[in-house]
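See below for the structure under consideration.
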There are 4 protein chains.
Amino acid sequence: MLTDILRRGPLTRARLEAFSDGVFAIVVTLLVLELRVPHLHLGSSPQELAHELRAIVPKLLSWAVSFFVVVKFWVNHSYILSLARCASYACFWINALFLMGQAFIPFPTALLGEYPGNPLAVSFFGATLLVCCLLFVWLHHYVNAHLLRDADQYVPSRPLLLRSLVGPVCYALGAALAWVSIPLSLAVYLFTPLFFVVPLQPHRGHAVAEGIIEQEEMRYHAGLHHAH
Amino acid sequence: MLTDILRRGPLTRARLEAFSDGVFAIVVTLLVLELRVPHLHLGSSPQELAHELRAIVPKLLSWAVSFFVVVKFWVNHSYILSLARCASYACFWINALFLMGQAFIPFPTALLGEYPGNPLAVSFFGATLLVCCLLFVWLHHYVNAHLLRDADQYVPSRPLLLRSLVGPVCYALGAALAWVSIPLSLAVYLFTPLFFVVPLQPHRGHAVAEGIIEQEEMRYHAGLHHAH
Amino acid sequence: MLTDILRRGPLTRARLEAFSDGVFAIVVTLLVLELRVPHLHLGSSPQELAHELRAIVPKLLSWAVSFFVVVKFWVNHSYILSLARCASYACFWINALFLMGQAFIPFPTALLGEYPGNPLAVSFFGATLLVCCLLFVWLHHYVNAHLLRDADQYVPSRPLLLRSLVGPVCYALGAALAWVSIPLSLAVYLFTPLFFVVPLQPHRGHAVAEGIIEQEEMRYHAGLHHAH
Amino acid sequence: MLTDILRRGPLTRARLEAFSDGVFAIVVTLLVLELRVPHLHLGSSPQELAHELRAIVPKLLSWAVSFFVVVKFWVNHSYILSLARCASYACFWINALFLMGQAFIPFPTALLGEYPGNPLAVSFFGATLLVCCLLFVWLHHYVNAHLLRDADQYVPSRPLLLRSLVGPVCYALGAALAWVSIPLSLAVYLFTPLFFVVPLQPHRGHAVAEGIIEQEEMRYHAGLHHAH
């Protein structure tokens with residue numbers, strides 16, 4: 001019965017997207033707050049400042065990795081929601097759990113930047129991204145199963161599951177590797193997002209996209225004629 | 001006469017929603033700033049870090065509870081505003097007071113995370129949520145009485161009041177219980193939001209929603225035909 | 001010639017409003033970060049916490065005043081921009097200066113909360129709001145002179161100037177009074193926003209608003225018929 | 001093949017703009033967090049506070065410069081995206097790199113505010129803005145080459161490149177000058193944004209803009225007639 005209530009809708013996607021974009025934008029920008037101005041004994045010494053800036057390099061790198069990861073989630077999130085014809089309360093809440101994961105990212109990022117040589121800090125970072133990926137997979141599956149605008153976009157759950165496990169498996173591997181070799185683990189974290197620069201799409205995705213663009217252009221020109 | 005001025009309108013809901021979504025998104029994301037990177041004597045020691053992370057668990061829990069609470073308010077807020085045909089200055093200001101409550105939440109959350117064994121900290125958390133609930137009830141009643149898009153959605157104020165007091169009563173109870181048993185009080189805080197995972201809707205809500213979805217789809221298809 | 005370039009347009013208001021709403025929302029939410037969790041010697045003592053919370057009361061009050069002031073600016077800002085048919089680069093930049101004032105508000109607010117007994121802190125708060133008001137008056141005049149959607153909404157600049165100086169004069173008075181009597185100065189800060197709970201409107205504002213609502217409703221119903 | 005995938009689209013600009021506006025708004029507002037409330041020995045002494053506020057002046061100036069710079073980027077960003085008919089994944093990612101530069105700005109700003117007499121701090125500030133400019137030029141060129149809504153707006157890449165190098169060259173010069181004369185370098189930083197108060201437009205830009213405004217107005221009136 002609860003699932004029944006949660007499927008209630010239809011809710012517009014507008015505020016869901018606005019809220020999500022807000023969270024993504026803030027997470028991405030808050031990350032830089034961890035870069036603190038160093039304390040110099042001689043304020044005008046470029047040597048001392050250069051030395052201190054060099055000490056910040058691990059924080060800079062962990063900032064860059066997290067920025068890249070969050071943008072990757074944002075790109076894929078906007079793709080998934082663009083497939084949905086509307087939202088439901090279940091979608092609101094799965095999305096909220098997913099955003100909770102995103103909002104948490106600054107903490108393990110700061111931890112990794114502060115203690116890049118600590119296997120637990122490195123492993124904790126990977127574990128967080130693993131959970132984020134699983135929450136995203138959940139959201140993806142929910143939209144695919146219940147909210148698709150266009151039935152042609154449906155992907156059977158087995159192949160979808162297989163493809164969407166690449167991320168979680170990579171991060172689990174990275175988190176485990178941290179206890180063996182930290183550089184190897186960081187390399188895994190660095191290369192995993194490259195799989196998701198562009199969202200996983202059904203093979204006919206390209207054709208569908210072109211169909212949409214044609215429609216959009218037709219609507220656009222119709223609008224112009226309307227105005228004339 | 002002031003009430004007369006305040007009812008002036010009609011104002012579009014667009015900026016009201018954008019401003020509110022911004023505040024919700026920031027509140028939810030700022031909460032994590034309370035999770036500070038611990039200071040380790042031996043930076044590379046996983047044991048020491050594990051020990052410090054365990055000390056952060058109460059902060060993590062209070063963060064999770066507040067995240068859940070704020071999202072719950074956001075879900076209900078978006079439902080209430082979706083019922084309104086437009087906004088008025090009174091609606092702007094009641095909403096602002098409500099958002100003031102939301103923007104305050106990070107402070108009692110941080111207090112609870114830092115002093116989970118302090119009855120005043122526990123009680124203060126509940127009292128804040130009690131005030132937030134009352135402000136939300138005010139907003140709900142105002143929209144119900146003055147701004148409904150569709151007269152069929154009107155709920156007589158007595159039953160509306162009865163149902164909408166569940167939240168305030170629970171939080172008042174939790175705030176009082178803090179002085180008797182802190183775990184009991186926290187349990188009340190934890191379970192109260194579950195009543196509001198989905199907004200309280202009039203019994204005919206389902207049917208109305210389906211009406212809206214049909215309309216939306218009709219409009220969507222009309223748009224397509226238009227373009228052809 | 002520069003003025004010529006600055007008048008170039010037309011630019012849509014959409015991103016101007018999104019950017020502004022973002023800044024308003026963040027300012028309003030950042031204000032709470034000044035409320036820091038107090039350090040207790042005995043973490044479980046409600047007496048000690050109560051004592052520390054009492055010490056925070058001036059910060060709470062300055063937070064509340066600033067929250068109210070920023071929302072007031074937001075309400076008036078959304079009114080002014082709703083009068084504009086489009087934006088121009090000059091409008092972008094005047095708006096940016098205005099937002100710069102808004103973004104600065106957390107600093108004097110924190111100063112006032114920390115040193116409520118310091119005349120300079122009290123005066124500085126008023127001086128900041130004075131500058132914010134003047135920037136808003138500039139924006140208002142610019143929109144009134146160059147960007148009105150509806151010529152009927154035009155207000156001759158003399159009466160507009162007279163009415164729009166209420167805010168700056170009040171804050172200048174408050175800033176000056178700080179050096180004589182701090183409570184009097186704070187009272188002025190507290191009561192000034194009450195003049196602006198609802199934007200100053202031309203006398204025929206009400207009628208115009210009703211015209212807009214009728215139009216909106218007509219468009220709404222036309223949309224429905226369209227869909228049928 | 002990767003470039004092929006990255007060109008996939010069409011994606012709507014809506015979320016790209018919402019995300020970007022969020023980042024811009026947060027960057028611009030976070031900058032003020034560097035202005036910390038000074039510690040006074042005698043809280044009620046205006047002399048001591050005045051002395052401390054004077055010490056904050058360099059931070060205030062670096063805040064103002066960065067605010068101006070970020071708004072300048074926002075104005076130009078909104079212009080460039082308004083030329084695009086849609087987005088693509090490549091556009092998403094170039095934009096993300098550009099936003100990464102924006103999100104980084106608070107750090108060199110804080111550094112400059114803290115150590116205005118340190119040539120490395122001054123030079124680092126310029127180098128950051130140089131990188132931001134180059135990222136913006138990349139985005140501009142990408143939109144110009146692949147996503148223009150209106151082919152008439154196309155600018156051949158040679159003249160576009162020449163004009164768009166003004167910013168990077170100025171900032172490179174400023175960053176180099178820091179090692180010779182800090183005031184000269186700061187002057188360059190201060191005056192460079194003035195070139196970009198209004199976006200660089202093709203010579204026929206004005207006419208095109210007027211065309212758009214006419215279209216918009218026609219559409220607007222068509223909408224009104226529609227409603228009648």
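In what follows, chains are A, B, ... by sequence order, proteins preceding strands, each numbered from 1. Values below: every heavy atom of this structure, side chains too, minus hydrogens, waters and symmetry copies.
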Does any heavy atom of chain D fall under 4.5 Å from the side chain of C:Leu16, the backbone, both, or neither of them?
-> both

Between D:Val75, D:Leu31, D:Ile26, D:Asp21, which residue shows the highest count of heavy-atom pairs closer than 4.5 Å to chain C?
-> D:Asp21

D:Ala64 portion near chain C, given a 4.5 angstrom heavy-atom threshold = both

Under a 4.5 Å heavy-atom cut-off, does chain C meet the side chain of D:Ser45, its backbone, both or neither?
-> backbone

Evaluate the criterion side chain to side chain contact (heavy atoms under 4.5 Å, CB included) for residue pair D:Val71 and C:Met100; output intermediate values, then yes/no.
-> CA-CA 10 Å; D:Val71 169; C:Met100 199 172 174; over 6 Å; no

Side chain to side chain donor-acceptor pair (under 3.5 Å) partners for C:Ser66, two or more places apart = C:Thr109

Taking the side chain from C:Arg13 and the backbone from C:Ala87, do they hold a donor-acceptor pair closer than 3.5 Å?
-> no

Residues 112-122 of chain C vs chain D, non-hydrogen distance cutoff under 4.5 Å, contacting residues -> C:Glu114, C:Tyr115, C:Gly117, C:Asn118, C:Pro119, C:Leu120, C:Ala121

With a 6.0 Å cut-off on ring centres, are D:Phe98 and D:Trp138 close enough?
-> no

Is a side-chain donor or acceptor of D:Glu48 paired with a backbone partner of D:His41 at a separation under 3.5 angstrom?
-> yes

If you tally heavy-atom pairs under 4.5 Å between each of D:Leu53, D:Leu40, D:Val28, D:Leu81 and chain C, the highest tally belongs to D:Leu40

Do D:Thr128 and D:Tyr171 meet the criterion of a side-chain donor-acceptor pair at a distance under 3.5 Å?
-> no

Chain D contact via C:Leu111 - which portion, at a heavy-atom distance below 4.5 Å = both

Does D:Arg85 use its side chain to pair, donor to acceptor, with the backbone of D:Leu148 at less than 3.5 Å?
-> yes

Is there a salt bridge (charged side-chain N to carboxylate O under 4.0 Å, His left out) between C:Glu52 and C:Arg54 once you walk through the steps?
-> CA-CA 5 Å; C:Glu52 293 291 335; C:Arg54 236 169 287 137; over 6 Å; no

With a 3.5 Å cut-off and no angle check, do the side chains of D:His77 and D:Asn95 form a donor-acceptor pair?
-> yes

When D:Trp74, D:Phe24, D:Phe68 are compared by non-hydrogen pairs under 4.5 Å with chain C, the top option = D:Trp74

Distance-minimising heavy-atom pair for C:Pro168 and C:Leu130 | O-CD1, 3.3 Å

Chain D shares the most heavy-atom pairs under 4.5 Å, among C:Ser123, C:Ala110, C:Ala103, with C:Ala103

Bottom line for C:Phe92: the part with an atom under 4.5 Å from chain D's heavy atoms is side chain

